[in-house]
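Since the structure comes first, as structure tokens, the remarks are kept for the end.
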2 protein chains.
Amino acid sequence: MARPTMTDVAELAGVSRALVSLVMRGSSNVSSLRRDAVLAAAAELGYTPHQMARSLASRTSTVLGVMVSDLRNAFFVDVVEGIDAAARVAGFEMVINTGGRSPVRERVALRSLLSFRPAGIVLLSPVLSAAAITEASGQGPLVLVSRTTRLSSVDTVNDDGATGAALAVDHLVRLGHTRIAHFDGGRASVATARRQGYTAAMRRHGLDPRVVASEHTDVAGAKAVRQVWGESGGLPPTAVLAGNDFNAIGAISALEEIGLRVPRDVSVVGYDNTSLAAMGHVSLTTIDQPRAEVGRLAVAALLERVRGERDEPVRHLLQSTLVVRATTAPPPP
Amino acid sequence: MARPTMTDVAELAGVSRALVSLVMRGSSNVSSLRRDAVLAAAAELGYTPHQMARSLASRTSTVLGVMVSDLRNAFFVDVVEGIDAAARVAGFEMVINTGGRSPVRERVALRSLLSFRPAGIVLLSPVLSAAAITEASGQGPLVLVSRTTRLSSVDTVNDDGATGAALAVDHLVRLGHTRIAHFDGGRASVATARRQGYTAAMRRHGLDPRVVASEHTDVAGAKAVRQVWGESGGLPPTAVLAGNDFNAIGAISALEEIGLRVPRDVSVVGYDNTSLAAMGHVSLTTIDQPRAEVGRLAVAALLERVRGERDEPVRHLLQSTLVVRATTAPPPP
DNA sequence: TCTAAAGAATAGAGCGCTCTAATCCTTCTC
DNA sequence: GAGAAGGATTAGAGCGCTCTATTCTTTAGA
């Protein structure tokens with residue numbers, strides 16, 4: 001009942017264990033006679049190589065570890081799919097782990113991933129401490145997605161949040177808006193670039209930036225709306241650039257609750273173009289990041305390090321695009 | 001630069017490798033003197049046990065493999081979180097893999113998972129062939145979530161879709177609806193129970209069931225609406241029980257497009273209570289499954305098998321609850 | 001016919017760990 | 001002070017595989 005091992009296959013095929021190993025690894029220096037015998041024996045026994053024993057003996061790994069800070073964020077899931085596709089093409093297998101946006105849990109998850117001695121690690125928007133990242137980077141190639149670092153042993157893949165935010169501002173200005181608020185992403189690692197891009201773009205247009213503290217959740221988006229429109233004095237914005245799509249959805253709900261129509265009274269732009277934004281019922285104007293490409297680049301960077309083709313860090317900065325849907329329109333007269 | 005091994009720690013601490021092994025496994029038969037020395041040495045070298053070598057030698061595994069058919073479905077993600085939490089408590093680590101709703105990819109993913117010789121496997125709503133499941137179940141404990149089987153070597157955790165659907169019908173009937181349609185989930189494995197529950201509940205109320213072929217996507221939901229309301233002859237339904245939340249969202253969009261208001265003109269009920277449904281902007285009446293509980297039960301079932309505490313299959317059928325939000329109301333007069 | 005070279009197959013050590021059995025200390029008892 | 005008992009420690013084999021030599025075949029060349 002025990003699972004068959006290489007020795008079992010070797011015995012059945014009447015060859016040595018080493019030959020079985022060669023066949024399983026697809027070596028060309030094997031006569032087709034023996035190869036067929038080995039494959040037949042393996043099939044008969046239902047033998048499949050023991051991945052762990054294999055990587056232990058070869059001191060190599062075909063595993064790419066991926067730590068996702070938050071699986072509930074559709075953006076990350078799309079990146080994961082990109083990673084998976086690229087990894088499969090390269091003959092690697094992806095193994096995911098999640099940290100639930102908690103530094104402690106992320107640390108545990110990362111440690112668990114590392115205990116498999118993977119060929120490399122991708123951290124998706126980790127909230128981990130820089131120290132933990134430094135430590136992990138000593139164990140092998142490491143790529144950071146949606147987070148920056150100064151470590152030269154670590155590669156990064158980020159979207160150009162500054163340009164993306166500027167795209168949104170330009171779009172709104174073109175529609176005629178002048179009072180455009182930004183709901184900030186708070187401690188999210190991508191928030192800084194977006195905020196700076198927004199502020200710079202507003203200045204460029206000769207407009208006053210207005211950054212409202214918020215977070216990347218729908219609850220926070222709703223709260224920010226109630227705060228801004230609840231204030232007395234000053235004219236309220238006619239447009240909002242939310243920190244991400246979730247925040248935008250929350251904002252829209254809250255706006256409609258206080259009797260404002262989107263986009264007739266207020267325009268709203270999201271960020272990330274999650275599947276949520278695309279749904280007919282929502283139809284959110286938003287900024288799209290090439291998510292599959294993010295995953296692909298992360299894997300590519302990792303593999304370059306794995307193969308020792310590169311030592312210097314690479315910093316990918318991906319261009320975003322504007323996706324116009326139904327939540328933006330000219331401001332009310 | 002090579003990663004430290006047990007031998008390095010043993011030498012630095014001035015003890016045998018076996019003793020280091022005992023300390024790392026937390027054995028109580030070690031003097032605190034030696035234990036401290038070993039731990040100090042391990043800390044100094046930055047040693048962490050090599051999980052693969054460990055499980056190879058012990059012929060055991062602390063890995064629970066999880067194959068998720070579709071990470072984009074928030075429902076599964078919630079179950080995964082439940083699995084993760086339960087696994088961690090039991091001292092196991094979860095490793096995820098995804099099959100992208102393709103039988104071929106799922107097969108690859110499952111094989112990859114199995115090559116790690118995990119302690120057990122959870123398949124989340126797989127579209128895999130029954131043959132592949134049978135084969136995998138020979139390799140170790142296997143739990144199926146959101147899919148049924150007759151295999152006695154496999155445990156299952158499902159929600160009671162029939163009762164859940166009945167809950168929705170009862171709610172709508174109570175509001176006064178009599179023409180209630182059901183948008184079927186097609187080939188999704190949970191669709192059958194929901195459909196049967198709907199049909200039975202309608203009959204129980206003396207109403208005519210009306211099942212519309214659809215799928216578990218928003219596009220399909222919209223299409224079903226256009227089909228039903230595009231028909232000439234007969235009165236259209238005043239309420240829809242969608243196959244799941246995505247389908248419901250699509251249906252709502254399409255209804256609004258053809259000028260019908262939800263819930264004033266038509267009531268819509270979803271299924272799964274995904275985070276989507278809870279968002280203010282959507283606020284969907286839906287059926288809630290205890291997702292974290294699903295994950296917990298799956299892990300529990302797995303561990304009972306791992307520990308050899310049980311041989312007969314267990315079939316969990318979880319009760320759902322109705323969550324009333326803003327998409328259901330009495331029918332128009 | 002003999003030898004060299006290339007190709008095919010294998011022996012055996014070792015990857016980093018666990019586990020069994022054996023050995024080494026203490027301490028306790030009479 | 002001898003022997004038993006029991007806890008602490010270690011030696012060494014082995015998990016399922018890969019990898020470096022090494023050996024065995026075969027074929028080609030002179």
Side-chain angles (χ1 to χ4, degrees), chain A residues 1-39 41-42 45-63 91 93 114-119 139-140, chain B residues 1-39 41-42 45-63 91 93 114-119 139-140:
Chain A
M1 193 55 228
R3 306 207 41 186
T5 80
M6 188 164 261
T7 308
D8 300 325
V9 177
E11 276 174 10
L12 184 58
V15 299
S16 69
R17 279 166 39 247
L19 215 234
V20 176
S21 175
L22 288 174
V23 171
M24 295 322 282
R25 280 176 293 151
S27 164
S28 59
N29 294 334
V30 178
S31 66
S32 54
L33 180 74
R34 308 284 186 141
R35 179 188 312 279
D36 293 347
V38 168
L39 291 177
L45 295 173
Y47 169 80
T48 50
H50 191 310
Q51 191 60 45
M52 291 188 171
R54 182 176 261 188
S55 73
L56 182 61
S58 65
R59 270 140 291 186
T60 61
S61 170
T62 58
V63 174
E93 358 205 2
L114 284 171
S115 75
F116 288 97
R117 305 293 192 270
Q139 315 259 23
Chain B
M1 194 57 227
R3 305 207 40 186
T5 79
M6 189 164 259
T7 308
D8 300 324
V9 177
E11 276 174 9
L12 183 60
V15 299
S16 69
R17 281 167 37 248
L19 216 234
V20 176
S21 175
L22 288 175
V23 172
M24 297 320 285
R25 280 177 291 152
S27 164
S28 59
N29 294 333
V30 178
S31 66
S32 54
L33 180 74
R34 308 285 186 140
R35 180 189 310 280
D36 293 346
V38 168
L39 291 178
L45 295 174
Y47 169 81
T48 50
H50 191 311
Q51 192 60 45
M52 291 188 171
R54 182 177 259 187
S55 73
L56 182 62
S58 65
R59 270 141 291 185
T60 61
S61 170
T62 58
V63 174
E93 0 205 0
L114 283 170
S115 75
F116 288 97
R117 304 293 194 272
Q139 314 260 22

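Proteins get letters first, then strands, A, B, ... in listed order; numbering begins at 1 in each. When reading the values below, keep in mind they use all heavy atoms of this one structure, side chains included, and skip hydrogens, waters and symmetry mates.
Regarding contacts with the backbone of dC17(D), every side-chain N or O of Ser55(A) stays at 4.0 angstrom or more from both OP1 and OP2. Phosphate contact (OP1/OP2 of dG16(C), side-chain N/O of Thr7(B), threshold under 4.0 Å): absent. Contact annotation: Ser21(B) side-chain N/O to dT18(C) OP1/OP2 distance is under 4.0 Å.
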Between the protein and nucleotides 24-27 of chain C, are there any N/O to N/O pairs under 3.5 Å, and if so, what are the atom names and distances?
none

Which atom pairs link the protein and nucleotides 10-14 of chain D when you take only N or O atoms and keep those under 3.5 Å?
residue, atom, partner, partner atom, Å
dT10(D), OP2, Ser16(B), N, 3.0
dT10(D), OP2, Ser16(B), OG, 2.8
dT10(D), O5', Ser16(B), OG, 3.4

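Between the CG atom of Leu56(B) and the P atom of dC19(C) there is a distance of 12 Å, given to the nearest Å. Atom CZ in Arg54(A) sits about 21 Å away from atom P in dC17(C), given to the nearest Å. Atom CG of Asp8(B) and atom P of dG16(C) are 9 Å apart (whole Å). If you measure from atom CZ of Arg117(B) to atom P of dC17(D), you get 7 Å, rounded to the nearest angstrom.
When the nearest nucleotides of DNA chain D are assigned to Leu33(B) and His50(A) by heavy-atom distance, the more 5′-ward of the two goes with Leu33(B). Two residues, Met6(A) and Asn29(B), neighbour DNA chain D, and the one matched to the more 5' nucleotide by heavy-atom proximity is Asn29(B).
Donor-acceptor pairing under 3.5 Å is lacking for the side chains of Arg54(B) and Ser58(B).
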